[in-house]
Amino acid sequence: MAGLYLHIPFCKQACHYCDFHFSTSLGLKSRLVEAIVRELELRRDYLPAGTALETIYFGGGTPSLLTAAELDQVFSAIHRHFAVAPGAEITLEANPDDLSAAKLHELRQAGVNRLSIGLQSFYEPHLRLMNRAHTAEESTTAVRRAQEAGFENISIDLIYGVPAPGHHIWEADLANAFALGVPHVSAYALTIEPGTAFGHRLQKGTFTSAPDEFVATQFELLLGAMRAHGYEQYEISNFCQPGRESRHNGNYWRGVPYLGLGPSAHSYDGQNRQFTLANNPQYVAAVLERGEVPVTLDVLTATDRANEYLLTTLRTARGCDLAHLRTQLGFDVRAAHAAYLAELQANGWARIQGEVLTLTDAGKLLADHITLELFQPPAVAA
C-alpha cells in the first residue's frame, strides 16, 4: 500500500494564521499543473514496482481552485503511471466558497470521493479575524450542498483557541459542527507562526494570543463534546465516527510510504525523506524546462527513525508499541527513560499497558514536550 499527495500551492487570499507554502497569484496555475503531470512521470518509480495507490490526497493551498480540465489532466496522469487500488480514498481539500453545485459535480465526475472542507469557524467575527474568504453562512451551506451532491465522506476543519471573552463561541462552533453530521472532524489550536500576519501583529503588539489555560480548556471541551456525540479521537487533532478515520493521514502516522508532488511536498520511501523546493517559478522551470525535480534528500539515521516512530505513534489512540521500537528500531525507551516514564504515569499523563505506551487526555496537552523528553539523543561521534 502507498499514498500519493499533491500540493496545490494557490489561494484566493492569505489566512492570517497560515504558514504553509502558497501563492495568491494564480497566473502560474496552469503551468504548475503541467509540471505536476510531468513530475508524475519523472517520479513514477519512486514507489516500489507494482504498488497500488490506496490513497490520493490533494492538499494546499486550495485544491478546490483547480478547474475541471486541470483535475482531468492530473487524474489522467495518475492512472497512466500508477495502479489505483479499488476503493481508494481520494480526498480533496476545499474552501466553502468554492463549493458551488457545479464545482461539486465536477469533483464527483473527476473521481474525488472524500472532501476536507476548511470551515474553521461558524462565527463571522472569527472568520474575519482569520481573513477567511468565506462567510459563516457558507460554512453550513457548503457542507449541506456537498451532502446533497452525494458526498457522504466529508471532513471539516475547526480552529480553537481563538482569543475570545469566554468559551461560548467555541461551544457553539462544536454544536454547529455536530448538527451537520459529518463523519470526520479535524480540530487544531490556533498557533501563531513567525512570518504570518498574526506573527507580525504579535511582534508589533497589535495582536494578543489566547493564554495557554484558555486553549487547554477549549481542548478539554472539545474532547468531552466529541465523546458525547460518539466521535473517537484517533489522533490528537482528529476525530471520527467509528471506522471513519482518514486512511491517508492514518498511513502517515503508521509510516506507510508515500510520494509527494508539487512545490514544498514531502515524500517518504520507508527509509528516507525527500523535500521538494518550496518555490513555484523555480519548481516549474526545473520540471518543465530541465526535466528535473528539485528535491532535497533527508537520509534518516536509526535514531531519526526511532524518534519519528515515537513522534507519530504517541499522537494516536493506538499508542507507541515499545516492543517494535526496541526490536525493530533499536531503542529501548523503558531502559533509557525508566524514571521519566514512571513520572508520566504517576502524574496521570501516560499509561503503559503491556508493551503499549499511550498518552492520557491530560498528557495530550503536553504531547510535544513529552515526546521531546522521550527522544533518543543522537549518537556522539567517537
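- Partners of Glu93 under the salt bridge (Lys or Arg N to Asp or Glu O under 4.0 Å) rule, at least two apart in sequence or in another chain, do not exist in this structure.
- When hydrophobic residues (I, L, V, M, F, W, Y) are linked wherever their side-chain heavy atoms come within less than 4.5 Å, the members clustered with Ile169 are Tyr123.
- Considering Leu222, Leu174, Asn176 as possible partners of Leu158, the one that fulfils the side-chain contact (heavy atoms from CB on, under 4.5 Å) test is Leu174.
- For the residue pair Glu39 / Tyr283, a side-chain donor-acceptor distance below 3.5 Å is found, with atom types taken as modelled.
- Between Phe178 and Tyr231, the gap from one ring centroid to the other is short of 6.0 Å.
- Leu325 CG to Asp332 CG: the interatomic distance, rounded to the nearest 0.5 Å, is 8.0 Å.
- Put simply, the side chain of Glu355 reaches to within 4.5 Å of the side chain of Arg334, judged on heavy atoms.
- Within a 6.0 Å sphere centred on CD of Glu41, heavy atoms belonging to other residues, nucleotides or ligands number more than 12.
- Among pairs with a residue in residues 198-224, those fulfilling side-chain hydrogen bond (donor to acceptor under 3.5 Å, both in side chains) read His167-Gln218, at least two apart in sequence or across chains.
- Evaluated for a side chain to side chain donor-acceptor pair (under 3.5 Å) with Lys12, the options Thr62, Asp97, Asn95 yield exactly one hit, Asp97.
- For the atom pair Glu106 CD and Gln109 CD, the distance stands at 9.5 Å (nearest 0.5 Å).
- Between Ile352 and Val356, the closest side-chain pair of non-hydrogen atoms is not below 4.5 Å.
- In this structure, a donor-acceptor pair under 3.5 Å is present between the side chains of His134 and Ser139.
- Using a 4.0 Å cut-off between a side-chain N of Lys or Arg and a carboxylate O of Asp or Glu, Arg145 and Glu138 do not qualify as a salt bridge.
- One finds the CG atom of Leu261 at 9.5 Å from the CZ atom of Phe58 (value rounded to the nearest 0.5 Å).
- Going from atom SG of Cys320 over to atom CG of Leu357 covers 6.0 Å, rounded to the nearest 0.5 Å.
- Note: His16 NE2 to Thr196 OG1 = 9.0 Å, rounded to the nearest 0.5 Å.
- Residues Leu32 and Pro9 are in side-chain contact: their nearest non-hydrogen atoms beyond the backbone lie under 4.5 Å apart.
- Gln353 is linked by a side chain to side chain contact (heavy atoms under 4.5 Å, CB included) to Arg351, counting only residues two or more places apart in sequence or in another chain.
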Subject >> side chain to side chain donor-acceptor pair (under 3.5 Å) between Glu54 and Asn251, worked out >> reply: CA-CA 10 Å; Glu54 184 195 36; Asn251 285 345; 2.8 Å; yes
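- With contacts defined as side-chain heavy-atom distances shorter than 4.5 Å, the pair Leu40/Phe82 qualifies.
- Clustering ILVMFWY residues whenever any of their side-chain heavy atoms sit less than 4.5 angstrom apart, transitively, puts Tyr188 in a cluster other than the one holding Val182.
- Side-chain contact, Ser155 with His184: a donor N or O sits under 3.5 Å from an acceptor N or O.
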**OP:** Show the numbers, then the answer: is there a ring-ring contact (aromatic ring centres under 6.0 Å, His included) between Tyr252 and His266?
**Re:** CA-CA 11 Å; Tyr252 285 157; His266 297 179; 9.4 Å; no
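- Under the salt bridge (Lys or Arg N to Asp or Glu O under 4.0 Å) criterion, Arg273 pairs with Glu308, not counting sequence neighbours.
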Only distances under 3.5 Å count here; give the side-chain donor-acceptor pairs of residues 112-119 to other protein atoms, sequence neighbours excluded, each with its distance to 0.1 Å.
unit_1	atom_1	unit_2	atom_2	d
Asn113	OD1	Ile90	N	2.8
Asn113	ND2	Ala88	O	2.9
Arg114	NH1	Thr91	OG1	3.3

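- No side-chain heavy atom of Gln233 sits under 4.5 Å from any side-chain heavy atom of Asn238.
- The hydrophobic cluster containing Ile159, built from Ile/Leu/Val/Met/Phe/Trp/Tyr side-chain heavy atoms closer than 4.5 Å, also comprises Tyr17, Leu129, Met130, Val162, Leu190, Ile192, Phe198, Leu202, Phe207.
- By the salt bridge (Lys or Arg N to Asp or Glu O under 4.0 Å) test, Glu245 is found to be paired with Arg254, Arg318, residues two or more places apart in sequence or in another chain being considered.
- A 4.5 Å side-chain heavy-atom check between Glu373 and His369 finds at least one atom pair inside the cut-off.
- With sequence neighbours excluded, no residue forms a salt bridge (Lys or Arg N to Asp or Glu O under 4.0 Å) with Asp298.
- Atom CG of Leu329 is separated from atom OG1 of Thr303 by 10.5 Å, given to the nearest 0.5 angstrom.
- For residues 310-365, the pairs satisfying ring pair (Phe, Tyr, Trp, His ring centres under 6.0 Å) are Tyr309-His324, with sequence neighbours left out.
- Side-chain contact between Asp173 and Tyr160: absent, with no pair of heavy atoms (C-beta onward) separated by less than 4.5 Å.
- Contact of the Tyr268 side chain with the Leu300 side chain is registered, since non-hydrogen atoms from C-beta on lie closer than 4.5 Å.
- With a 4.5 Å cut-off between side-chain heavy atoms of Ile, Leu, Val, Met, Phe, Trp and Tyr, the cluster of Leu127 takes in none.
- Other residues, nucleotides and ligands contribute only 12 or fewer heavy atoms inside 6.0 Å of the CG atom of Asp368.
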Subject >> Steps toward side chain to side chain contact (heavy atoms under 4.5 Å, CB included) verdict (Asn280, Phe10) >> reply: CA-CA 10 Å; Asn280 293 356; Phe10 298 102; 3.9 Å; yes
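- Listed by chain and number, the residues in a side chain to side chain contact (heavy atoms under 4.5 Å, CB included) with Ser30 are Glu70 (sequence neighbours excluded).
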